[in-house]
2 protein chains.
Amino acid sequence: MFNVLNMSSVPDTGASGTGGDPGDLTARARIRDAAISRFAADGVAGTPVRAIAADAGVSAGLVIHHFGSKDALRVACDQHVAATIRDRKQAAAASGANLDPVAAMRDGAEGPPLLRYLARTLVDGSPHVAELVDELVEDAVGYMATGIETGMLKPVDDLRGCATVLTLWSLGSVVLHEHVQRLTGVDLTGDPAATGGWAVPASEILSKGILAEGLYDRLRAAFAVEDATSAPGGQT
Amino acid sequence: MFNVLNMSSVPDTGASGTGGDPGDLTARARIRDAAISRFAADGVAGTPVRAIAADAGVSAGLVIHHFGSKDALRVACDQHVAATIRDRKQAAAASGANLDPVAAMRDGAEGPPLLRYLARTLVDGSPHVAELVDELVEDAVGYMATGIETGMLKPVDDLRGCATVLTLWSLGSVVLHEHVQRLTGVDLTGDPAATGGWAVPASEILSKGILAEGLYDRLRAAFAVEDATSAPGGQT
DNA sequence: CAGGACATTAAACATCTGTACAGCTCCCCG
DNA sequence: CGGGGAGCTGTACAGATGTTTAATGTCCTG
């Protein structure tokens with residue numbers, strides 16, 4: 001998220017809700033984690049229950065036994081990922097002046113690939129993840145307000161609008177992490193310390209701005225009139 | 001794409017390669033278009049061949065007869081979508097000073113939902129679409145260079161880096177169009193004239209910038225040192 | 001009109017997929 | 001000790017799915 005705001009390294013709070021060695025987990029937890037990994041990599045529709053079971057080292061029947069159905073398993077994954085991300089967010093917020101929630105949810109070395117799961121699910125659609133996105137936007141509104149008071153951010157006309165745009169740009173970058181990596185060599189789901197190739201140009205845009213002065217005013221005026229007929233072609 | 005650059009409405013050039021009434025199409029073309037729609041909506045793995053066949057008003061066997069396999073059909077869709085978008089890009093570039101390629105590929109009233117297909121495929125991964133993304137970045141580099149000469153854009157330190165970031169932000173927004181719509185009511189895959197709720201805050205950010213002066217320089221300096229150990233937490 | 005190439009279909013097939021079931025093992029509680 | 005319940009497995013099954021095949025129709029060509 002308007003990530004570039006965060007200038008301090010993330011303390012990698014160990015594992016709040018998900019941690020622990022992979023071997024000593026409950027079978028139920030192993031299944032859940034395996035499902036998250038598979039769903040993240042291949043999508044829900046592209047993942048057979050048997051593959052998840054094999055990854056978790058259990059039988060297919062046990063997956064159903066514990067979760068009732070594949071779809072219920074998916075919901076459980078949604079909820080677990082959302083809850084874990086909320087935990088990390090909160091931990092990061094409590095532990096210091098970390099303004100970048102996305103940085104806090106980066107996948108640790110162990111544990112399931114939360115960010116990649118989130119990226120997939122953002123496209124596949126899920127009520128729980130949609131709710132999480134709404135919260136992230138809400139957080140961004142708060143962070144931006146604080147940042148403006150502090151002087152770290154410039155004041156804006158449309159606080160919620162800007163927070164929404166920045167949040168979705170940030171999440172969108174994660175969703176397209178494959179292309180980010182191909183084009184810049186940076187893995188946005190990995191080590192934050194190695195994201196300079198992406199963070200530096202992003203912050204260049206976000207600090208100086210790139211549009212000439214006046215373009216914004218013209219665009220705003222054009223859309224304010226609100227007669228849609230020959231309104232200006234938008235952004236994307 | 002740094003869409004906001006485009007200040008002129010898109011002339012909606014009719015159909016370059018895809019047009020025509022839905023009824024008078026070859027069965028092969030109908031199958032392809034039905035597949036694009038289905039793939040865009042439900043993903044490749046989530047779409048049975050029989051569903052595509054039903055949409056196209058043909059038998060499942062004919063789908064295979066024409067394309068060989070479901071996977072080959074997917075490749076054909078990739079190529080067709082990429083080719084059509086290239087056509088529209090070129091037409092838009094030729095027809096006037098349109099700086100926003102994404103605006104040119106918005107889904108027309110008729111024809112398959114190209115943008116939604118692109119959004120899905122950007123996540124599912126496809127060599128052809130990846131190539132297309134590379135081209136879009138390359139285009140953005142050119143457009144930005146022109147814009148800077150013209151004075152429409154401010155000069156930047158890292159031209160290619162900024163072009164990449166802007167292109168992926170823009171594509172990412174389209175990929176997350178569902179969330180954009182839920183949060184702002186704007187459909188980025190639809191009518192460009194009705195995207196004000198998104199375009200205005202986006203252009204506010206892109207014109208004025210939101211980060212306080214100095215943050216960019218500090219971030220750049222921190223990453224320039226390149227000793228990764230305690231580098232600043234990145235953006236997202 | 002003969003004949004062949006192509007479009008198209010319905011049915012058949014083998015496989016995969018989600019799920020239900022019956023039974024096994026093992027541990028805890030009385 | 002013994003009984004019951006939970007974790008877990010292998011098997012069974014019904015339906016879906018990708019693909020094949022043989023047959024039918026259709027159109028163009030010679």
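Scope of the values below: all heavy atoms of this structure, side chains included, with no hydrogens, waters or symmetry mates. Lettering follows sequence order; numbering is per chain, from 1.
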Can you build the contact string for nucleotides 4-10 of chain D? Use B for base contact, S for sugar-phosphate-only contact, and - for no protein heavy atom under 4.0 Å. ----BB-
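- Distance, A:I52 CD1 to C:dT19 P: 11 Å, rounded to whole Å.
- Rounded to whole angstrom, the span from the CD1 atom of B:I64 across to the C1' atom of D:dT17 amounts to 10 Å.
- Rounded to whole Å, the distance from NZ on B:K70 to C1' on D:dA16 is 12 Å.
- Put simply, the residue from A:Q181, A:E178, A:R116 that forms a side chain to side chain donor-acceptor pair (under 3.5 Å) with A:T189 is A:R116.
- Distance A:L73 CG to C:dT17 C1': 14 Å, rounded to the nearest Å.
- Rounded to an integer number of Å, the gap from A:R50 CZ to C:dT15 C1' is 11 Å.
- The interatomic distance linking A:D42 (CG) with C:dC16 (P) rounds to 16 Å, in whole Å.
- With B:D55 as reference, B:R38 is the one residue of B:R50, B:R38, B:R32 to meet the salt bridge (charged side-chain N to carboxylate O under 4.0 Å, His left out) rule.
- Electrostatic pairing of B:R120 and B:D124 does not count as a salt bridge here, judged by no charged N lying under 4.0 Å from a carboxylate O.
- Ring geometry for A:Y117 against A:F39 counts as tilted: the plane angle lies between 30° and 60°, on a 0 to 90° scale.
- Computed from coordinates, the B:I31 CD1 to C:dA7 P distance equals 11 Å when rounded to whole Å.
- Between the CZ atom of A:R74 and the P atom of C:dG18 there is a distance of 14 Å, rounded to whole Å.
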